[in-house]
> 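Quick one: the structure is below, and I'll ask about it shortly.
Quick note on labels: first sequence line is chain A, next is B, and so on, each numbered from 1. A quick note: this is a predicted structure, and the numbers were derived from the prediction, not measured.
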Amino acid sequence: MSYEFQRIEKKWQGRWDSEHAFAARNASDKPKFYGLIEFPYPSGEGLHVGHPRPFTAMDIVTRKRRMQGYNVLFPIGFDAFGLPTENFAIKNKIHPSVVTKRNIATFTSQLKMLGYGFDWDRVVDTTDHEYYKWTQWIFIQMFKRGLAYKASMPVNWCTSCKCVLANEEVVNGVCERCGSEVVRREKSQWMLKITEYAQRLLDDLDTVDYVERVKIQQKNWIGRSTGCEVDFATTAGETLRVFTTRPDTLFGATYMVISPEHAILKTWETKLTNLTEVQAYQDASARKSDFERTEMAKVKSGVRLSGVAAINPVTGGEIPIFISDYVLATYGTGAIMAVPGHDTRDWEFAKLFDLPIIEVVAGGDITQAAYTDCDTGVMVNSGFLNGLTVADAKVKIAEWLTDKGLGTEKVNFKLRDWVFSRQRYWGEPIPIVHCEHCGYVALPESELPLLLPDVEKYETTDNGESPLAAMTDWINTTCPQCGAPATRETDTMPQWAGSSWYFLRYTDPKNADALASRDALDYWTPVDWYNGGMEHTTLHLLYSRFWHKFLYDIGVVPTSEPYTKRTSHAFILGEDGQKMSKSRGNVINPNDTVAEYGADTLRLYIMFIGDFEKEAPWSTSSVKGCKRFLDRVWNLAETRIGGGEGYSATHEKAVNRAIAKVSSDIEEMKFNTAIAALMTLVNEFSDSPPNRGDIKALLTLLSPFAPHIADELWEIQGFKGTASLAPWLDFDPSKLIDDTITIAVQVGGKLKGTVTVPSDADDEAVKAAVFADSKVARIVEGRELKRVIVVPKKLVNLILG
RNA sequence: GCCGGUGUGGCGGAAUUGGCAGACGCCCGGGACUUAAAAUCCCGUGAGGGCAACCUCGUACCGGUUCGACCCCGGUCACCGGCACCA
């Protein structure tokens, strides 16, 4: 019999809603648990089948915590600023806020349709001015402390979106959103000084419980390297400073390379005898997009500076200087000492320009390739470093450089400051005005929120200015400091702004005086468990850690890390094993699955599909298996079973085993095996009818996974309260032990059969049972028994001669 | 190139971390019920061989350690994700 999921699911969703069944309390005697999912971007397409995987996972975890007696905060909100909405608005001539409201309504009904135990009283919307008031407030605090600054710099410019992108938004040289070409363009931008937090963002990874691959990815992204800055004298008079992680190889530095953007080139204009050639190379580099620069990476190019040379500080020899775009202006000092013997790139370049290659660490064959993996090598051709190991040479040369005033030890990071301006309409206005006398001035906090004005057109202007730039009456204002005429900043913030602190707002979402009260923050933060996608590891996750540390530094939040624990899910693929996409036509709409099988089935299937951390293809026929399982549960409990609420003697062990398995599997996010354990239990119940207590246990364990059917059957059975809020179960370890156990019997490591012995049998008794077995007797007969290995409760291995 | 991960039946995936490989589910085959079908229930289902009890092989590939290896070690291949001239 198929159960009436439509009626049941609607009934319970209505009841949970009207009773605010899962609302969190800001004060409670219970221990708190704050479970968080990444709030969705409310796109026009509605909920994607990718959403329910992490949502259901955390719903299961938080439902279990609630049943375990925690005061649980499991909130939901919408990250609603952003390009797709704006593009839709432009195309359809509808205000983005209208589009956003509509999309949020769709998402809300879909999320409710799936039965999530969110606290619907705490919904946050990043485009609500009561919310973005505080996003702006945080920006002003950063500005006041010098962490937000304006800089003219080459930025990534999307030719289609007509918009500046953060480095993180450029993927393989194209725009992450639209796939169009990204070129480099000089522009004045608001920047956030995330680099000032680089070391702390790295160090504090040791204090949090993140899955290892997230930590590794963040570490790589931050990219700390230690080395020295070394000053090279030049024949022109100026010194040229380089950064190197291999100061030990200084004797092997046979030339230098500076980036085409290096400032010293301007100084040397009169001294260069091949200035036109140099400038031609500079121009060519400037015109290249990042994509072209990386595409051409395989082939080195460059120009030797004529008329100027550098002096190697240890050898005293003159070495040539080149410009080449394989040296980046934005890392280190924008200049390097080239050691072709021990650096692959330098080796290639030296071969191309026929430059000397000197071996300074013995062990490789530098005529064939650069010898880079040489930590164990010994220094040669290196004067006072000869005979030292690489490690010792690094120490000695650093001392020598410091002593001579030629260099210092230095740490560099790959992490760059965060480009925080977008030339777009649908984002938080940056609350800054520009005054001719005072420069950039922050709005007084009393003037927040700075509302996004209504404009006629949402398109970026042709010269790449925000649509706000056309609003002269909005732009023109007075300086809050001196009262002189001033103009507003017309750029808006990137989408990452609102999502960098939303989890704080959930603790106190309606507070008008602060982003959240200190009491609420003290009580709820840090987030105990945050699950999200790997794709946010180097963007959202790092940004929000940065903002949180800043807020901690200015005394707003009580902890320096926002999230205690971070786990990550993988995507669900289409039935064809490919990534789901509209163009492939393999997208599964959760609405369809819910309509046909019900929300409980969808939840169950999505968790049963496979390892939570691995991608798994959708399978419509497997969905049916989960529906069948729920039908069988229904059939077991659709009429009230009489009797007491203890477990039956028949099922006592099975029930205890299921409690143990489901409890631990949820903690480890092994939802697939937890569900398998529930299926096994139901199979046993089908073989031999369960009593009232057995059913109660089943419904309790099922409740986090399939809450609607669990609550309905709970009510039919007349148990107290609801399954959703029933106490979680403990198991009795003594009930997990069987009276007899099956021991595997191996001969020479190969399985030959099994014997059954009492579970408390000692080794001798087990051996006796093995030798009493007729089959074993037959095999062993007439052969010498050399050794018997007994693994308690597992197996016996007989080694024959 | 560098960093991380994965490789197990026809399919999704299990395996208490060195101890009975394939739990659970899907698909498929057979049977019951039905006028029939669907649904449901029962049986079977890694491959090969044998009438049978049973035997042999089997966790990407090659080798090693071990009484015993999906698991540990060395090497190879394939796929996925991230970074990508970061000096």
> Please give the nucleotide sitting opposite B:U35 as a Watson-Crick or G-U wobble pair, both distances under 3.5 Å, or none.
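B:U35 is unpaired by these criteria.
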> Would you call A:Glu764 and A:Lys767 a salt bridge, using N to O less than 4.0 angstrom?
yes
> Are A:Phe349 and A:Tyr255, when compared by the centres of their aromatic rings, separated by less than 6.0 Å?
yes
> From B:A87, B:G19, B:G13, pick the nucleotide closest to the side chain of A:Pro617?
B:G13
> Look at the side chain of A:Ala676 and decide which nucleotide, out of B:A23, B:C20, B:C57, has an atom nearest to it.
B:A23
> Provide the Watson-Crick or G-U wobble partner of B:G18, both distances under 3.5 Å; none if there is no partner.
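B:G18 is unpaired by these criteria.
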> Could you please name the partner base of B:C71, counting Watson-Crick and G-U wobble pairs only when both distances are under 3.5 Å?
none
> Paired with B:G25 by Watson-Crick or G-U wobble geometry, both distances under 3.5 Å: which nucleotide is it?
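B:C11 is the nucleotide pairing with B:G25.
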> For B:G9, does the glycosidic angle fall within 90° of 0 (syn) or outside that (anti)?
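You should classify B:G9 as syn.
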> Base, sugar-phosphate alone, or nothing: which one does A:Asn412 contact when heavy atoms must sit under 4.0 Å apart?
nothing
> Given B:C41, is OP1 or OP2 found less than 4.0 Å from the side-chain N or O atoms of A:Arg632?
yes
> If you check the A:Tyr331 side chain, which of B:G12, B:A87, B:C20 turns out closest?
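Of all the options, the side chain of A:Tyr331 is nearest to B:A87.
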> Which part of the nucleic acid does A:Lys624 contact within heavy-atom distance under 4.0 Å: base, sugar-phosphate only, or nothing?
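A:Lys624: no heavy atom of the nucleic acid under 4.0 Å.
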> When the P atoms of B:G58 and B:C85 are considered, how many whole Å apart are they?
47 Å
> Atom NE2 of A:His569 to atom C1' of B:G81: distance rounded to whole Å?
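So the two atoms are 14 Å apart, to the nearest Å.
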> Report which part of the nucleic acid A:Lys670 touches: base, sugar-phosphate, or nothing (heavy-atom distance under 4.0 Å, all strands).
sugar-phosphate
> Could you let me know what B:A78 is paired to, Watson-Crick or G-U wobble, both distances under 3.5 Å, or none if it's on its own?
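In the structure as shown, B:A78 has B:U6 as its Watson-Crick or wobble partner.
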> Would you mind classifying the nucleic acid contact of A:Thr330 as base, sugar-phosphate or nothing, using non-hydrogen atoms under 4.0 angstrom?
nothing
> Are A:Arg566 and A:Glu38 close enough, and set up right, to give a salt bridge (charged side-chain N to carboxylate O under 4.0 Å, His left out), and what steps lead you there?
CA-CA 11 Å; A:Arg566 169 79 177 190; A:Glu38 288 168 342; 2.8 Å; yes
> Please give, in whole Å, the distance from B:G82 C1' to A:Met534 CE?
8 Å
> Considering just the side-chain nitrogens and oxygens of A:Arg787, establish if one lies under 4.0 Å of OP1 or OP2 belonging to B:C67.
yes
> Go ahead and name the base partner of B:G48; Watson-Crick or wobble counts if both distances stay under 3.5 Å, otherwise write none.
B:C55
> Tell me: CD1 of A:Ile216 to C1' of B:C2, nearest whole Å?
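That distance rounds to 13 Å.
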> The side chain of A:Tyr326 is closest to which nucleotide in this list: B:G12, B:G68, B:C85?
B:C85
> Would you mind telling me which of B:C55, B:C20, B:G13 lies closest to the side-chain atoms of A:Asn672?
B:G13
> Heavy atoms from C-beta onward define the side chain here; which of B:A87, B:G82, B:G12 lies closest to that of A:Gln217?
B:G82
> Identify the two heavy atoms, one from A:Ser324 and one from A:Pro260, that lie closest to each other, and give their separation to 0.1 Å.
O-CD, 3.4 Å
> Specify whether A:Trp418 and A:Tyr543 have parallel, tilted or perpendicular ring planes, treating 30° as the upper limit for parallel and 60° as the lower limit for perpendicular.
parallel
> Would you mind classifying the nucleic acid contact of A:Thr245 as base, sugar-phosphate or nothing, using non-hydrogen atoms under 4.0 angstrom?
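A:Thr245: backbone/sugar contact only, no base atoms under 4.0 Å.
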> Would you say a side-chain N or O of A:Arg628 is under 4.0 Å from OP1 or OP2 of B:C26?
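Answer is yes, contact under 4.0 Å.
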> Show the nearest heavy-atom pair for residues A:Asp346 and A:Met337, with the distance to one decimal.
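Smallest heavy-atom distance, with atoms named: OD2-O, 4.0 Å.
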> With heavy atoms under 4.0 Å as the rule, sort A:Asp611 into base, sugar-phosphate or nothing.
sugar-phosphate
> With a non-hydrogen cut-off below 4.0 angstrom, is A:Gln746 in contact with a base, only sugar-phosphate, or nothing?
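Result for A:Gln746 = base.
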> Can you tell me the Watson-Crick or wobble partner of B:C83, both distances under 3.5 angstrom?
B:G1
> From OH of A:Tyr597 over to P of B:C26, roughly how many Å is that when rounded to an integer?
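Rounding to the nearest Å, OH of A:Tyr597 and P of B:C26 are 12 Å apart.
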> Once you apply a heavy-atom cut-off of 4.0 Å, does A:Glu615 come out as touching a base, just sugar-phosphate, or nothing?
sugar-phosphate
> Using a heavy-atom cut-off of 4.0 Å across all strands, would you classify A:Leu795 as base, sugar-phosphate, or nothing?
base
> With P as the reference atom in both, quote the distance from B:C28 to B:U17 in angstrom, rounded to an integer.
37 Å
> What nucleic acid atoms does A:Ile789 come within less than 4.0 Å of, heavy atoms only: base, sugar-phosphate, or nothing?
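Answer is base: heavy atoms of A:Ile789 come under 4.0 Å of a base.
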> Using the side-chain heavy atoms of A:Lys300, tell me which of these nucleotides is nearest: B:C85, B:G25, B:G19.
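Of the options given, the side chain of A:Lys300 lies nearest B:C85.
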> So which atom in A:Phe413 and which in A:Tyr331 form the shortest heavy-atom distance, rounded to 0.1 Å?
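For A:Phe413 and A:Tyr331, the tightest heavy-atom pair comes out as O-CE1, 3.4 Å.
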> Would you measure the distance from the P atom in B:A53 across to the matching atom in B:G46 and give it in whole Å?
15 Å
> Measure from the side-chain heavy atoms of A:Ser621 and tell me the nearest of B:C26, B:A21, B:C24.
B:C26
